[in-house]
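Chain letters run A, B, ... following the sequence lines, proteins first, then strands; residues in each count from 1.
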Amino acid sequence: KAGVTQTPRYLIKTRGQQVTLSCSPISGHRSVSWYQQTPGQGLQFLFEYFSETQRNKGNFPGRFSGRQFSNSRSEMNVSTLELGDSALYLCASSPDRGPIYEQYFGPGTRLTVT
Amino acid sequence: KNEVEQSPQNLTAQEGEFITINCSYSVGISALHWLQQHPGGGIVSLFMLSSGKKKHGRLIATINIQEKHSSLHITASHPRDSAVYICAVLPKRGSNYKLTFGKGTLLTVNP
């Protein structure tokens with residue numbers, strides 16, 4: 001089975017712009033979670049989608065949003081980018097809902113905001 | 001105070017040594033994950049456990065629910081084990097039902 005894929009792998013944006021990141025889960029996996037990793041804060045949970053519905057959300061401002069499609073692929077969007085949004089964004093898929101299941105991580109998208 | 005504390009933050013070992021990385025947490029949990037992150041970013045899930053002990057090759061993970069503590073052991077360490085090891089806990093179901101991560105332990109194994 002192919003692993004979790006994320007596109008693009010690298011991205012450079014300017015403050016104030018918006019960005020959309022994409023995640024394709026492992027075939028058959030229905031849950032997709034998004035995480036942000038920064039040197040200062042480490043890994044932090046953004047949100048989880050299951051069956052096209054957001055099931056859980058971390059402590060991030062409303063500028064961070066996401067969605068999931070019927071084929072379980074997921075996108076996350078960050079609007080009005082700030083310098084502090086520079087980070088590695090990781091998605092992880094699991095067979096069923098919730099982080100009680102093993103998480104399979106993608107390679108990440110490294111976002112740089114200038 | 002972080003809900004998840006890892007120690008040590010940095011660890012340097014010689015090839016062949018036995019390695020122990022510790023994780024302590026402050027809340028009741030449903031499960032605990034151990035993750036490995038190599039330079040370049042990719043994260044691999046090593047173990048998920050809610051009680052007892054699990055073993056996979058040279059890696060062993062244990063958890064003591066009463067003491068709110070988990071350890072990751074690496075036997076016969078090898079330079080390819082050099083990575084950041086991250087502990088993550090999943091609290092019991094409730095409004096905070098999401099993974100909370102430790103800051104990670106950077107392991108360097110020298111040949």
(message) When you group the ILVMFWY residues by side-chain heavy-atom contacts below 4.5 Å and let the links chain together, are Val4(A) and Leu46(B) in the same group?
(response) no
(request) Find the distance between CZ (Phe105(A)) and CG (Leu35(B)) and round it off to the nearest 0.5 Å. (result) 5.0 Å
(request) Using non-hydrogen atoms and a 4.5 Å limit, figure out which bit of Leu90(B) sits close to chain A: side chain, backbone, both or neither. (result) side chain
(message) Around atom CG of Asn59(A), are there more than 12 heavy atoms from other residues, nucleotides or ligands closer than 6.0 Å?
(response) no
(request) Could you tell me which residues in residues 73-88 of chain B have at least one non-hydrogen atom under 4.5 Å from a non-hydrogen atom of chain A, sorted by residue number? (result) Ile86(B)
(message) With a 4.5 Å cut-off on side-chain heavy-atom distances among I, L, V, M, F, W and Y, is there a chain of contacts connecting Trp34(A) to Ile43(B)?
(response) no
(message) With rounding to the nearest 0.5 angstrom, report the OG1 to CG distance, Thr100(B) to Leu43(A).
(response) 11.0 Å
(request) Following the transitive rule for hydrophobic clusters with a side-chain heavy-atom cut-off under 4.5 Å over Ile, Leu, Val, Met, Phe, Trp and Tyr, establish whether Val113(A) and Tyr10(A) coincide in one cluster. (result) no
(request) Check whether Tyr35(A) gets within reach of chain B through its side chain, its backbone, both or neither, counting any heavy atom under 4.5 Å. (result) side chain
(request) Identify which part of Glu48(A) has an atom lying under 4.5 Å from any heavy atom of chain B, answering side chain, backbone, both or neither. (result) neither
(request) Would you give the length of the straight line joining atom CD of Glu102(A) to atom OG of Ser45(B), rounded to the nearest 0.5 angstrom? (result) 4.0 Å
(message) Other residues, nucleotides and ligands only: do more than 12 of their heavy atoms fall within 6.0 Å of CZ on Arg15(A)?
(response) no
(message) Phe47(B): which residues meet the ring-ring contact (aromatic ring centres under 6.0 Å, His included) condition with it, sequence neighbours left out?
(response) none
(message) Check for me, please, whether Tyr104(A) and Tyr101(A) land in the same ILVMFWY cluster - side-chain distances under 4.5 Å, paths through other members count.
(response) no
(request) Determine, using ring centers only, whether Phe101(B) and Phe45(A) are less than 6.0 Å apart. (result) no
(message) Please say yes or no: joined through hydrophobic side-chain contacts below 4.5 Å, possibly via intermediate residues, are Phe60(A) and Leu88(A) part of one cluster?
(response) no
(message) Tell me if the CD1 atom of Ile12(A) is crowded by more than 12 foreign heavy atoms within 6.0 Å.
(response) no
(message) Measuring only between side-chain heavy atoms, which start at C-beta, is Met48(B) closer than 4.5 Å to Gln103(A)?
(response) no
(message) Would you say that Gln44(A) contacts Leu99(B) through its side chain, given a criterion of any heavy-atom pair below 4.5 Å between the two side chains?
(response) no
(message) Can you tell me how far apart NZ (Lys57(A)) and NZ (Lys98(B)) are? Round to the nearest 0.5 Å.
(response) 10.0 Å
